[in-house]
Protein chains: 2
Amino acid sequence: MRRYTPSRKLVRDVLSSATGPLSAVEVHEALGNTKIGIATVYRILNEGLRDGDLVCVELPSGPKRFEPADRPHHHHFECSECEKVYDVQGCPDGIAQLVPPGFELDFHEIILTGRCPDCVSTDGRAS
Amino acid sequence: MRRYTPSRKLVRDVLSSATGPLSAVEVHEALGNTKIGIATVYRILNEGLRDGDLVCVELPSGPKRFEPADRPHHHHFECSECEKVYDVQGCPDGIAQLVPPGFELDFHEIILTGRCPDCVSTDGRAS
DNA sequence: CCGCTAGTGATAAAAGGATATCATTAACAC
DNA sequence: GTGTTAATGATATCCTTTTATCACTAGCGG
């Protein structure tokens with residue numbers, strides 16, 4: 001039987017309050033000084049996937065990221081500088097028209113790449 | 001000085017005649033019985049990137065894929081069954097409208113996921 | 001409070017992709 | 001044909017992400 005533990009709640013809270021999907025390592029860092037181990041983070045994330053509470057977002061670069069499953073349809077913006085990923089709302093019409101004859105479309109993902117506001121404001125001045 | 005070698009020509013030919021971007025391993029397999037080593041394939045692909053003859057296409061799943069740089073703007077369809085990747089022509093309007101204020105868009109990628117004609121025709125009947 | 005066992009942290013190790021190494025081969029200028 | 005050295009094949013190694021292991025901890029029903 002599944003037990004209530006502080007770790008589970010903390011991980012879910014971190015993901016809920018994030019502005020985009022987070023990787024296991026990012027969740028672990030967000031947990032900061034709570035000394036929850038990385039293995040536990042992976043376990044809780046995979047458990048969330050199995051339970052359907054979380055969805056996995058895989059982007060071209062980097063590790064798998066996770067976000068709550070109850071967010072409405074949206075896409076993602078990845079900052080090429082700080083590598084953070086942000087949710088972006090909306091979805092253009094006409095996706096289905098791209099599918100060539102004979103193909104069966106299940107899902108689609110749109111990945112925007114560029115610089116996020118934080119990195120734009122830092123401009124060229126390296127940190 | 002760069003020398004003409006059969007390997008280079010073979011790799012470029014494989015990529016040119018492919019219907020989508022190929023990974024190093026896929027190129028290696030396509031070379032079949034030519035006994036060109038995987039290290040050579042990686043070398044030639046990276047060389048192509050540096051020279052600007054090839055572009056790298058990174059999709060959520062799997063390794064980096066490569067295709068000729070001279071193809072017009074297009075996107076990709078990945079078969080969830082056989083994992084092959086196909087080029088798809090066209091691009092919906094309104095991508096730029098997705099970008100939230102403060103973000104700077106450089107590139108975008110649209111990834112369609114589903115089943116390719118080969119796998120659709122095989123239907124549920126496992127191979 | 002007890003006992004059972006799910007959960008945990010630390011870390012070893014796996015998995016997958018890409019690069020480095022090195023002795024050997026072969027392209028090309030002469 | 002010969003010499004120079006870029007290119008190659010085989011494979012060891014690296015790197016990053018993820019999972020497995022295992023002794024210890026703690027949630028919760030009784």
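Letters go in sequence order (proteins before strands), and every chain restarts at 1. Both backbone and side-chain heavy atoms feed into the values below; hydrogens, waters and symmetry mates do not. Treat the numbers as computed from the prediction; the structure is a model and nothing was measured.
- Of the two residues contacting DNA chain C, namely B:V25 and B:R2, the nearest-nucleotide position lying further toward the 5' end is that of B:V25.
- When each of A:A39 and B:F66 is assigned the nucleotide of DNA chain C bearing its nearest heavy atom, the one mapping closer to the 5' terminus is A:A39.
- Looking at heavy-atom distances under 4.0 Å, A:Y42 makes contact with a base.
- A sub-4.0 Å separation between OP1 or OP2 of D:dA6 and a side-chain N or O of B:T5 is absent.
- Between A:R43 and A:S23, it is A:S23 whose nearest contact on DNA chain D lies nearer the 5' terminus.
- Side-chain N/O atoms of A:H108 and A:H73 include a donor and acceptor closer than 3.5 Å.
- Closest to the side chain of B:Y4, from the set C:dG9, D:dG27, C:dC28, is C:dC28.
- Comparing B:I38 and B:E47, the nucleotide of DNA chain D nearest to each residue sits closer to the 5' end for B:E47.
- Taking OG1 of B:T113 as the start and CD1 of B:I111 as the end, the distance is 7.0 Å to the nearest 0.5 Å.
- Between A:L45 atom CG and D:dT18 atom P the separation is 10 Å, expressed in whole Å.
- The base of C:dA6 sits with one of its N or O atoms less than 3.5 Å from a complementary donor or acceptor on the side chain of A:R3.
- In this structure, A:N46 atom CG and D:dT17 atom P are separated by 15 Å, rounded to whole Å.
- The salt bridge (Lys or Arg N to Asp or Glu O under 4.0 Å) test with A:R65 singles out one residue from A:E109, A:E26, A:E83, and that residue is A:E26.
- If you measure from atom CD1 of B:I44 to atom C1' of C:dA27, you get 14 Å, rounded to the nearest angstrom.
- Among the nucleotides D:dT18, C:dG17, C:dC28, the one closest to any side-chain atom of B:P63 is C:dG17.
- In this structure, A:R50 places its CZ atom 13 Å from C1' of C:dG7, rounding to the nearest Å.
- If you measure from atom CG of A:L22 to atom P of D:dT17, you get 15 Å, rounded to the nearest angstrom.
- Between B:D106 and A:R115 there is no salt bridge, since none of the side-chain N atoms of the basic residue sits less than 4.0 Å from a carboxylate O of the acidic one.
- Taking atom CG of residue A:L10 and atom C1' of nucleotide C:dG7, one finds them 14 Å apart after rounding to whole Å.
- Distance CG (A:L49) to P (D:dT19): 10 Å, rounded to an integer number of Å.
- Here the P atom of nucleotide C:dA26 and the CZ atom of B:R8 are 15 Å apart, to the nearest Å.
- Between A:V55 and A:P68 the shortest heavy-atom distance is CG2-O, 4.1 Å.
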